[in-house]
Engineer: 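Take this structure, written in structure tokens, and hold onto it; I'll ask about it next.
Keep in mind that the numbers below use all heavy atoms, side chains included, and drop hydrogens, waters and symmetry copies. Below, chain A is the first sequence line, B the second, and so on; all start at residue 1.
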Amino acid sequence: MTEQQRETPAHRYDAQLADTIETTWQARWKDAGTYHTPNPAGSLTEGPADGPTDLATRPKLFIMDMFPYPSGTGLHVGHPLGFISTDVYARFKRMTGHNVLHTMGFDAFGLPAEEHARSTGVHPRENTEANIANMSRQLARLGLGHDDRRAIATTDVAYYRWTQWIFNQIFNAWFDPETQKARPISELEAEFSDGSRPTPGGRPWAELSISEQRAVLHEYRLAYVSEAPVNWCPGLGTVLANEEVTAEGRSDRGNYPVFRRPLKQWMMRITAYADRLLDDLDLLDWTDSIKTMQRNWIGRSEGAHIDFRVPTASDETGEVATIQVFTTRPDTLFGATYMVLAPEHELVDHLIADAWPDGTKDAWTGGAPSPADAVAAYRHATSQKSDLDRQENKTKTGVFTGAYAINPVNDTSIPVFIADYVLMGYGTGAIMAVPGQDERDWEFAEAFDLDIIRTVQPPADWDENAAFIGEGPAINSGFLDGMAIADAKSAMIDHLTEIGAGEGTVTTKLRDWLFARQRYWGEPIPIVFDDDGNPISIPDDQLPVNLPELIDWAPRQLDEDSQPEPPLGRADEWKTIEFDFGDGTTTYARDLNVMPQWAGSCWYYLRYIDPESDDVVADPTSEKYWMGGDDADAGGVDLYVGGVEHAVLHLLYARFWHKVLFDLGHVTTKEPFKRLINQGYIQAYAFKDERGIYVEAAEVEESGDGYRFEGAPVSREYGKMGKSLKNAVTPDDMYEQYGADTLRLYEMFMGPIDQDRPWETKSVVGSMRLLQRIWRNLVDEDTGELTIDASPASDDLRRSLHKTIDAVRTDMDALSFNTAIARITELNNELTKLDRPTPEEVADPLVRMIAPLVPHVAEELWNRMGNETSVVYAEFPTADPSMLVDDEIEIPVQIKGKVRSRITVPADADDATLEAAALADPRIQELIDGAEIRKVIVVPGRLVNIIA
RNA sequence: GCCCGGGUGGCGGAAUUGGCAGACGCAGGGGAUUCAAAAUCCCCCGACCUUCGGGUCGUGUGGGUUCAAGUCCCACCCCGGGCACCA
């Protein structure tokens with residue numbers, strides 16, 4: 001025996017042994033299909049070869065992680081935190097009799113692969129697949145119990161075929177305001193056709209040409225084409241995403257100028273679903289903060305549309321122009337002293353007066369000789385401002401249009417301005433300004449010397465130079481005077497409705513979803529255009545529309561006057577295609593846009609359910625089973641874990657698609673994700689030297705007076721883990737030093753799932769030690785023999801065991817893995833102190849309890865203990881209730897709320913017994929010393945408090 | 001500015017309905033074992049005072065309710081996140 005061997009016992013649980021155990025079991029699980037989850041019908045009805053055969057008849061549980069983007073840099077230890085949590089929970093639920101669906105996919109379309117292709121010439125697909133392979137390897141080594149048959153990538157042609165199919169569903173649907181539901185567009189067409197719904201122009205449907213019919217239907221579709229501005233960068237010959245444009249309006253890459261250009265773009269009518277997206281939040285088991293974020297994003301506000309006539313101007317049809325405003329405060333209409341339109345408002349051109357009217361104040365003209373000049377100059381100035389400028393510089397600016405509008409409630413003539421504090425994208429892009437009750441209007445009125453009329457009585461001590469937003473009686477408001485705000489609002493709305501000058505309405509901040517991207521690496525939009533530019537969807541049976549294999553990445557130097565062109569426009573042969581849509585074979589132009597990255601992640605949960613079906617997006621029986629379609633509540637994925645950065649967009653878009661599919665009968669639940677948890681982030685310390693350069697965090701040493709790197713002092717920061725801060729720790733490092741089970745255990749022990757936490761490699765050893773101690777309590781380190789025997793445990797130990805089981809079950813259910821681990825540690829510490837072999841009646845449940853957390857070492861111990869089937873499907877231990885109560889308990893005795901002594905009493909002692917025992921305690925008697933006892937508070941089982 | 005979270009030992013964090021603050025772990029200290037060290041096992045570990053029995057203070061700050069407050073109420077400070085001229 002060599003020196004080395006004598007020093008380390010041959011059967012110690014260390015990194016080498018962990019590695020052997022982990023890779024061995026991973027291979028065996030893979031062979032047996034241990035994590036194969038059976039569907040109740042259709043495809044994938046096969047379960048595990050080494051598990052129970054009745055899984056598909058058990059209660060279901062659908063657990064999901066927000067799937068990752070397969071980045072080229074691979075994982076660091078922060079990434080899998082959520083994945084481990086869901087895996088532990090899934091494993092726990094498998095052991096409590098559930099059929100658990102848990103798998104993993106990749107959100108693999110997106111800019112980085114395209115950028116990588118651009119710089120290296122490697123096709124995005126090749127690069128993406130290599131990254132997926134690497135990341136899959138890193139994740140597999142963690143021992144995640146995923147059903148790998150269900151793994152998908154959004155870039156798989158077989159997957160994006162169905163993404164395109166869903167696009168077609170949405171395109172071929174309209175939102176019926178009567179039923180508040182999406183319906184097939186064919187039903188709308190039928191109504192037009194049989195005359196039950198009048199056509200927009202009044203002509204009979206049959207008299208419209210096919211092109212005209214398409215144009216009419218297009219106005220109703222849930223996916224529609226509209227002009228929207230894009231960031232066109234001629235220097236790169238491409239359109240850029242907002243995040244690729246610098247604050248100076250230049251391209252992030254290359255620093256070329258970027259121009260805002262209108263382009264025909266796909267939009268999705270998510271605004272139609274605003275109310276349902278808002279209301280159904282109540283059905284969801286999500287945190288209040290996420291619900292609030294979604295509510296704020298949707299931004300529903302109730303108010304009124306009010307029409308102001310502008311007698312001096314006419315609109316496009318020659319009628320007297322009418323400015324419609326949206327206001328949440330119709331009760332303040334008597335205080336409207338001017339109006340403001342967004343500079344881009346289409347009515348502005350019709351309003352501009354030929355010359356400044358009498359009474360125009362100097363401040364209103366912007367120094368221009370005529371309204372037209374003033375408006376032109378102001379619009380130009382506004383267009384030069386970046387969004388950031390507009391956000392940061394909130395000084396009110398604007399110019400008078402020379403026009404006056406009539407306040408419909410009192411016929412007062414009020415000036416009409418344009419100003420950039422009114423946004424085109426919200427409400428009607430025009431406001432009535434009521435400086436008395438609005439801070440922004442007050443500021444503008446002060447700057448432009450406009451009248452201010454208060455219409456709500458402020459309290460006596462109110463600053464007379466400030467707008468008053470609060471509650472109070474109406475004043476200066478004719479028939480509203482004296483009313484509270486709510487009453488005044490409804491009285492005004494009634495009045496406006498009666499005189500035909502307005503009506504109550506609702507507006508949302510939510511805009512329709514801009515769905516087109518002018519990129520290459522995304523799902524092609526399955527649309528062609530006829531000669532009149534009407535979009536037609538490619539029939540479902542001809543999907544998928546494959547991405548063309550073009551890759552001409554060389555930037556094209558184009559001039560400033562060039563038109564925006566998506567990359568697919570370069571695929572000359574692909575650009576056009578022949579079709580026969582019933583009016584003869586014709587050549588059609590394909591849509592050249594691709595979908596945004598959100599698209600693939602909007603519905604992947606459905607494909608997890610049934611990744612193989614060719615004829616249906618997901619088998620209906622399986623869909624209903626996994627999504628819980630019979631529930632009266634929202635239904636959906638039972639647990640969805642992911643980062644809070646997707647609180648709004650991803651979750652809102654996915655909910656929207658799901659609701660459309662629900663309306664059209666393709667899914668059976670109202671909501672996609674019943675329960676949502678946002679896991680916290682693992683952050684890490686980073687260190688900078690005196691030059692301010694980051695140094696390798698792993699090599700920094702702590703000394704008494706601070707931190708040192710190669711002897712020189714460094715300063716410590718705290719932030720995201722990553723390459724740039726030189727503080728990344730990879731799972732591979734941890735596998736090598738400790739093994740996957742230790743990494744899993746440490747990440748789960750660090751703190752509650754939803755909290756950010758600092759990574760500390762030096763603390764990982766604590767989790768390793770727990771596993772070593774458990775191992776040592778069950779296996780002899782020198783011989784490898786089990787150190788378990790069949791003789792019964794002591795009563796105390798048995799009680800500890802059952803209390804542990806009880807607590808661990810509760811904690812696991814609540815995803816409180818950190819406290820579950822603490823309880824297991826306590827039990828194991830008791831075993832360590834035992835001067836006898838571990839009783840089997842404790843060893844068996846202990847191994848079961850650790851199995852969800854550290855599946856490999858648990859499986860190894862389970863196997864060594866003589867079990868022939870996998871611990872993965874073993875039953876989780878259940879506590880014996882009679883073992884949870886002690887015969888005797890120690891409770892504190894307080895005098896005036898301070899603990900002065902402790903007494904040991906029978907657990908079921910009543911109040912009188914407790915009081916007597918407390919007063920009889922020698923220490924208490926000594927302290928009371930004959931003083932008068934005024935009151936004794938007894939909380940059975942908890943404490944006695946004596947007020948003396 | 002508005003809306004959400006959150007402030008507990010040197011560190012990560014525990015603490016049912018208001019009922020023994022600091023479970024569990026890391027770091028630190030002491031002991032056993034060892035020729036020695038590592039590993040392992042045992043003990044201590046909020047601060048201050050102490051006659052070593054114990055006492056006083058202590059959960060961001062200041063008030064309050066209560067027999068009893070980390071927990072409830074009021075005011076404030078700090079940190080993190082979201083939104084931001086949304087009429």
Side-chain angles (χ1 to χ4, degrees), chain A residues 7-9 12 14 287-297 299-301 303 325-329 332 340 390-396 419-423 425-434 437-441 443-444 507-511 644-645 647-648 678 680 702 745-746 749-752 754-767 769-770 772-773 776 781 807 810 816 818-826 828-829 832-833 890-902 923 926 934-948:
Chain A
E7 281 169 5
T8 305
R12 167 158 296 177
D14 56 14
T287 61
D288 285 338
S289 76
I290 299 281
K291 288 187 184 183
T292 306
M293 280 162 78
Q294 292 223 339
R295 287 196 186 100
N296 291 344
W297 192 264
R300 185 182 199 273
S301 43
V325 303
F326 172 75
T327 177
T328 56
R329 293 295 301 274
T332 63
V340 184
R390 274 176 83 149
Q391 259 177 47
E392 283 183 353
N393 188 357
K394 292 191 177 174
T395 337
K396 296 289 176 290
D420 66 359
Y421 84 93
V422 171
L423 309 173
Y426 183 74
T428 62
I431 63 157
M432 63 179 211
V434 187
Q437 273 73 233
D438 186 285
E439 285 166 358
R440 298 152 300 181
D441 295 346
E443 283 173 31
F444 190 87
T507 290
T508 58
K509 278 201 267 186
L510 183 69
R511 322 264 180 93
V644 70
E645 72 272 21
V648 179
N678 292 113
E702 197 170 349
L745 191 64
Y746 174 64
F749 184 60
M750 288 168 81
D754 56 351
Q755 233 170 70
D756 292 351
R757 59 201 83 178
W759 177 266
E760 278 195 329
T761 299
K762 69 168 189 180
S763 294
V764 179
V765 69
S767 297
R769 288 208 273 250
L770 172 60
Q772 282 178 335
R773 285 202 272 252
R776 200 177 296 123
E781 286 194 330
T810 309
S816 300
N818 55 331
T819 49
I821 293 165
R823 301 310 296 260
I824 291 169
T825 307
E826 285 177 298
N828 190 60
N829 286 347
T832 303
K833 286 173 189 169
E890 190 190 67
I891 66 164
V893 180
Q894 300 180 335
I895 294 176
K896 287 198 223 167
K898 286 180 196 280
V899 180
R900 296 298 169 178
S901 184
R902 284 159 220 282
R923 164 122 188 98
E926 182 189 325
R934 286 183 288 159
K935 197 174 175 186
V936 177
I937 290 140
V938 179
V939 184
R942 299 230 65 115
L943 56 62
V944 178
N945 189 5
I946 299 164
I947 317 301

Engineer: Tell me, please, which residues at least two apart from A:Q755 pass side-chain hydrogen bond (donor to acceptor under 3.5 Å, both in side chains).
Structural biologist: none

Engineer: Taking the C1' atom in each of B:A69 and B:C20, what is the distance between them to the nearest angstrom?
Structural biologist: 14 Å

Engineer: Quick one: list whatever passes salt bridge (charged side-chain N to carboxylate O under 4.0 Å, His left out) with A:D438, sequence neighbours left out.
Structural biologist: A:R440

Engineer: Just checking A:R923: base, sugar-phosphate only, or nothing, at a heavy-atom cut-off of under 4.0 Å?
Structural biologist: sugar-phosphate

Engineer: If I pick the C1' atom on B:U61 and the same atom on B:G13, what distance separates them, to the nearest angstrom?
Structural biologist: 24 Å

Engineer: Roughly how far apart, to the nearest Å, are B:G7 and B:G12 at atom P?
Structural biologist: 12 Å

Engineer: Restricting to side-chain hydrogen bond (donor to acceptor under 3.5 Å, both in side chains), what partner residues turn up for A:T328, sequence neighbours left out?
Structural biologist: none

Engineer: Sequence neighbours left out, what passes salt bridge (charged side-chain N to carboxylate O under 4.0 Å, His left out) with A:R300? Give chain and number order.
Structural biologist: A:D275, A:E302

Engineer: Under 4.0 Å: is that the gap between some side-chain N or O of A:T287 and OP1 or OP2 of B:G5?
Structural biologist: no

Engineer: Who passes ring pair (Phe, Tyr, Trp, His ring centres under 6.0 Å) against A:F444, sequence neighbours left out?
Structural biologist: A:Y338, A:F417, A:Y421, A:F448

Engineer: One character per nucleotide, please: for nucleotides 11-27 of chain B, 5' to 3', B when the base has a protein heavy atom closer than 4.0 Å, S when only the sugar-phosphate does, - otherwise.
Structural biologist: -BSS-B--BB--BBSSS

Engineer: Residues in side-chain hydrogen bond (donor to acceptor under 3.5 Å, both in side chains) with A:E439, at least two apart?
Structural biologist: none

Engineer: Examine the base of B:C85 for any acceptor or donor lying under 3.5 Å from a partner atom in the side chain of A:K396, and report the outcome as yes or no.
Structural biologist: yes

Engineer: Pairs counted as Watson-Crick or G-U wobble with both distances under 3.5 Å: what dot-bracket string results for RNA chain B, using | for bases tied to another strand?
Structural biologist: (((((((..(((......[....))).(((((.......))))).((((....))))..(((((..]....))))))))))))....

Engineer: Return the set of residues passing side-chain hydrogen bond (donor to acceptor under 3.5 Å, both in side chains) with A:E443 (not counting sequence neighbours), or none when no residue passes.
Structural biologist: A:K396

Engineer: I want to check one thing: is the phosphate of B:C41, taken as OP1 and OP2, less than 4.0 Å away from some side-chain N or O of A:R776?
Structural biologist: yes

